[in-house]
Amino acid sequence: MIFIYKELVKKYINRLSINDLEKFAKKNNISYTKEELNTVYNFILNNYNDLLNENIRVFENIKNKISPTLYKKLLNLYIEYKQKYF
């Protein structure tokens, strides 16, 4: 089952737009600047394989590029979704 989720995410990433990310953030009450949104978007596009393989260390790549509050929320969401689906 895990394989199926990973494959679905990989297919979705190819179609992910910055607007999709913006909607997700708003739905989850996540505050961000436009620069942070771009940083997170690029981070996802460039690191989704590592994230799918549970390499949480890749979050260090954006730790100093976004606010501590946003960083903490993203990390918590990652952990939550990882536990829920993987």
Side-chain angles (χ1 to χ4, degrees):
M1 190 62 143
I2 294 171
F3 176 76
I4 293 170
Y5 284 131
K6 287 182 179 183
E7 290 303 309
L8 288 172
V9 170
K10 286 178 184 179
K11 287 183 179 184
Y12 182 74
I13 289 295
N14 291 326
R15 298 178 304 172
L16 181 69
S17 72
I18 201 153
N19 290 332
D20 295 328
L21 186 59
E22 192 170 22
K23 289 175 189 174
F24 178 82
K26 287 181 180 181
K27 179 180 174 187
N28 286 281
N29 297 316
I30 298 173
S31 300
Y32 55 87
T33 65
K34 285 291 183 185
E35 185 176 307
E36 287 174 325
L37 183 65
N38 285 322
T39 298
V40 172
Y41 178 71
N42 288 321
F43 170 76
I44 292 169
L45 292 180
N46 294 319
N47 296 287
Y48 73 91
N49 275 319
D50 286 321
L51 294 170
L52 287 174
N53 291 317
E54 300 181 47
N55 182 2
I56 199 166
R57 287 177 271 137
V58 295
F59 274 96
E60 292 295 319
N61 295 338
I62 61 168
K63 188 172 188 174
N64 296 319
K65 297 177 183 176
I66 59 176
S67 73
T69 303
L70 179 56
Y71 179 80
K72 185 176 179 179
K73 286 185 179 185
L74 291 176
L75 198 54
N76 287 337
L77 274 173
Y78 172 75
I79 292 167
E80 176 188 332
Y81 280 91
K82 185 179 74 139
Q83 289 173 347
K84 191 173 185 178
Y85 296 106
F86 300 107

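One is the number of the first residue; the rest follow in order along the sequence. Note that the structure is a prediction, hence the values are computed from the model and not measured.
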Within 6.0 Å of [atom1] in [X], more than 12 heavy atoms from elsewhere:
X     : atom1 : result
Lys26 : NZ    : no
Lys73 : NZ    : yes
Glu60 : CD    : yes

Between the main-chain N or O of Leu16 and the side-chain N or O of Asp20, is there a donor-acceptor pair closer than 3.5 Å? no

Whether the side chain of Tyr78 engages the backbone of Leu51 through a donor-acceptor N/O pair (distance < 3.5 Å, no angle test) should be reported. yes

About how many Å separate [atom2] of [Y] and [atom1] of [X], when rounded to the nearest 0.5 Å?
X     : Y     : atom1 : atom2 : result
Asn64 : Thr39 : CG    : OG1   : 11.5 Å
Tyr32 : Leu37 : OH    : CG    : 5.5 Å
Asn49 : Ile13 : CG    : CD1   : 9.0 Å
Asn47 : Asn53 : CG    : CG    : 11.5 Å
Lys27 : Asn29 : NZ    : CG    : 11.0 Å
Leu77 : Phe24 : CG    : CZ    : 5.0 Å

How close do Tyr48 and Lys10 get, heavy atom to heavy atom, and via which atoms? CE1-CG, 3.7 Å

Tell me, with the steps shown, if Leu74 and Ile62 meet side-chain contact (heavy atoms from CB on, under 4.5 Å). CA-CA 10 Å; Leu74 291 176; Ile62 61 168; 4.1 Å; yes

Do you see a donor-acceptor pair shorter than 3.5 Å between the side chains of Glu22 and Tyr41? no

Please verify the inter-ring angle class for Phe59 with Phe43; under 30° counts as parallel, over 60° as perpendicular, anything in between as tilted. tilted

